[in-house]
2 protein chains.
Amino acid sequence: MNFDFPQLLKSLQLKVTPQRLAILEIMRIADTYLSPEEVQEQVQQRANGKVGLPTIYRNLEELSAQGVISKILHPNRQLYYYFCANRDHHHHFVCLACRTVQDLHDCGCAEMASQIDGQVEFQIMQALGTCRRCCTQNA
Amino acid sequence: MNFDFPQLLKSLQLKVTPQRLAILEIMRIADTYLSPEEVQEQVQQRANGKVGLPTIYRNLEELSAQGVISKILHPNRQLYYYFCANRDHHHHFVCLACRTVQDLHDCGCAEMASQIDGQVEFQIMQALGTCRRCCTQNA
DNA sequence: CTATTAAATCGAAATCATTTCTATTTAGAA
DNA sequence: TTCTAAATAGAAATGATTTCGATTTAATAG
Ligand SMILES: [Mn+2]
Ligand SMILES: [Mn+2]
Ligand SMILES: [Zn+2]
Ligand SMILES: [Zn+2]
């Protein structure tokens, strides 16, 4: 992954704004998935500058659409995003207790897609549950 | 699948109400996924009796939680449900154009779960796109 | 450096799918 | 038939997300 965010944004034809850089930096250092509101809080804490919530929503969605960050599918149906440095094709296991995310390689995506009679546009694949650490603590 | 819905409801410890039976019947005969509002419309058309929207929402969610119907993950983030008679473990390919659903067997769920360091509670897996029929028509 | 402009941001307000609430009804059991 | 927990109805609330119009700004060219 390219951690030169200004460069990254340029390559995506997006203007390099302080708001975007702040959002990207917060996502990069977060070790759990975050809601848009949480991203806003952290951006304000760190950068000490205000960023409007619509701006957060717009950018998180844009970055997600471009594959820079990934969207977490949560049972509560609200939006959460996670920055993953791993650029290889893979999926995630999400701990609902501590909000951490594990990478999952070895998926059956390709063979799954091969049995589809049509044009695949999205492939959703994600596991949810309780990570070992959280299992142990609450046992 | 047990198409004796009264029996099915009893086995799930749910009361056999006309509303539930109407919802189940509509879901069974639908050949596409449906939104709660669409279920309501069709229930009213067919049964000629009113069913409140909260009742529809509550029951669709309950039946989905019990595995009787499946929830469709749609990019617009609204709720959709689909009744699938196939009781074997499998997943779905959803056509966003005509709303039809294809069964997908041969998933890598098990091996995927095996690499997870924790307790899996949900496994989300779904493909979205355009079915061959729709591809052909719009070509 | 300045001018230009499309893109981006802002805050306020709107949206609307979904949920909650409470009174009433009803299925199922005794 | 009586009883009661479960289910339903309709009205109202909810609140995460989106939209809007005005303003600012990044990027480009001269
Ligand atoms: Mn990852
Ligand atoms: Mn199916
Ligand atoms: Zn955990
Ligand atoms: Zn189709």
Side-chain angles (χ1 to χ4, degrees), chain A residues 4-27 33-44 47-66 68-69 71-81 99, chain B residues 4-26 33-44 46-66 68-69 71-81 99:
Chain A
D4 179 351
F5 289 139
Q7 182 50 47
L8 173 66
L9 289 173
K10 277 171 201 151
S11 77
L12 299 172
Q13 323 248 39
L14 297 172
K15 287 191 180 177
V16 181
T17 66
Q19 292 90 338
R20 277 192 179 127
L21 292 173
I23 290 170
L24 279 167
E25 184 58 12
I26 288 304
M27 293 308 293
Y33 64 80
L34 297 175
S35 71
E37 212 152 344
E38 287 161 349
V39 173
Q40 185 188 43
E41 285 162 21
Q42 302 215 21
V43 162
Q44 312 206 137
N48 227 39
K50 267 203 163 47
V51 181
L53 214 34
T55 297
I56 306 268
Y57 273 89
R58 189 170 3 89
N59 280 289
L60 289 174
E61 188 51 35
E62 199 149 40
L63 293 169
S64 153
Q66 299 278 10
V68 178
I69 60 180
K71 202 183 289 209
I72 299 294
L73 300 170
H74 197 281
N76 73 6
R77 304 184 359 87
Q78 290 176 210
L79 292 169
Y80 297 95
Y81 297 90
R99 292 166 153 230
Chain B
D4 180 351
F5 289 137
Q7 182 50 46
L8 172 65
L9 289 173
K10 275 170 200 152
S11 77
L12 298 173
Q13 323 249 39
L14 297 172
K15 287 189 176 176
V16 180
T17 67
Q19 292 90 337
R20 277 191 178 128
L21 292 173
I23 290 169
L24 279 167
E25 184 59 11
I26 289 303
Y33 64 81
L34 297 174
S35 71
E37 211 151 346
E38 287 161 349
V39 173
Q40 185 188 44
E41 286 162 20
Q42 301 214 22
V43 162
Q44 310 205 137
R46 191 180 162 83
N48 228 40
K50 266 205 167 44
V51 180
L53 214 32
T55 298
I56 306 268
Y57 273 90
R58 186 170 5 89
N59 280 289
L60 289 174
E61 188 51 37
E62 198 148 42
L63 293 169
S64 152
Q66 299 279 8
V68 177
I69 60 180
K71 203 183 287 209
I72 299 295
L73 299 171
H74 197 281
N76 73 7
R77 303 185 358 89
Q78 290 176 208
L79 291 169
Y80 297 95
Y81 297 91
R99 294 168 151 230

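Residue numbers start from 1 in every chain, and the chains themselves are labelled A, B, ... in the order their sequence lines are given, proteins ahead of strands.
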Just to confirm, is there a sub-4.0 Å distance from OP1 or OP2 of dA7(D) to any side-chain nitrogen or oxygen of Arg20(B)?
-> yes
Residues Arg99(A) and Glu38(A) bridged, charged N to O under 4.0 Å | yes
Look at Asn76(B) and dA17(C) and indicate whether a side-chain polar atom (N or O) is within less than 4.0 Å of OP1 or OP2.
-> no
Return no unless some side-chain N or O of Tyr57(A) is found under 4.0 Å from OP1 or OP2 of dT18(D).
-> no
Provide, to the nearest angstrom, the distance between the CG atom belonging to Leu53(A) and the C1' atom belonging to dA14(C).
-> 15 Å
Would you mind classifying the nucleic acid contact of Arg58(A) as base, sugar-phosphate or nothing, using non-hydrogen atoms under 4.0 angstrom?
-> base
Rounded to the nearest Å, what distance is computed from the CG atom of residue Leu21(A) to the P atom of nucleotide dA26(D)?
-> 10 Å
How long is the line joining NZ of Lys71(B) and C1' of dA17(C), in whole Å?
-> 13 Å
Are Thr17(A) and Arg20(A) linked by a side-chain donor-acceptor pair shorter than 3.5 Å?
-> no
When all nucleic acid strands are considered with a 4.0 Å heavy-atom cut-off, which category describes Pro6(A): base, sugar-phosphate, or nothing?
-> nothing
Rounding to a whole Å, what distance do you find between Ile56(B):CD1 and dT19(C):C1'?
-> 15 Å
With respect to the phosphate group of dA9(D), does any side-chain polar atom (N or O) of Thr55(B) fall under 4.0 Å of OP1 or OP2?
-> yes
Measure the distance from CG on Leu79(B) to C1' on dC16(C) and round it to the nearest whole Å.
-> 13 Å
Check whether more than 12 heavy atoms from other residues, nucleotides or ligands sit under 6.0 Å from atom CD of Gln66(A), and answer yes or no.
-> yes
For His74(A) and dT17(D), what is the distance between atoms NE2 and C1' respectively, to the nearest whole Å?
-> 17 Å
Taking only the side-chain nitrogens and oxygens of Gln13(A), find out if one of them lies under 4.0 Å from OP1 or OP2 of dA27(D).
-> no
Let me know the distance between NZ of Lys10(A) and C1' of dA26(D), rounded to the nearest Å.
-> 11 Å
With the side chain of Gln19(B) defined as its heavy atoms from C-beta on, choose the nearest nucleotide among dT8(D), dA6(D), dT9(C).
-> dT8(D)
Shortest non-hydrogen pair, Pro36(B) vs Tyr81(B), comes out as CG-CE1, 4.4 Å
Return the nearest nucleotide to the side chain of Lys15(A); candidates are dT18(C), dA26(D), dA27(C).
-> dA26(D)
Residue-phosphate contact under 4.0 Å: Thr17(A) side-chain N/O, dT9(C) OP1/OP2 | yes
Shortest non-hydrogen contact from Leu63(A) toward Leu24(A) = CD1-CD2, 3.8 Å
Check whether any side-chain nitrogen or oxygen of Arg77(B) sits under 4.0 Å from OP1 or OP2 of dT17(D), and answer yes or no.
-> yes
Comparing nearest nucleotides in DNA chain C, the 5'-proximal residue of the pair Gln78(B), Pro18(B) is Gln78(B)
Taking dG28(C), dT19(C), dT8(D) as options, the one with an atom nearest any side-chain atom of Asn59(B) is dT8(D)
Specify the separation, in whole Å, of atom NZ of Lys50(A) and atom P of dT23(D).
-> 20 Å
Just wondering, do Val68(B) and Leu12(B) contact through their side chains at under 4.5 Å, heavy atoms?
-> yes
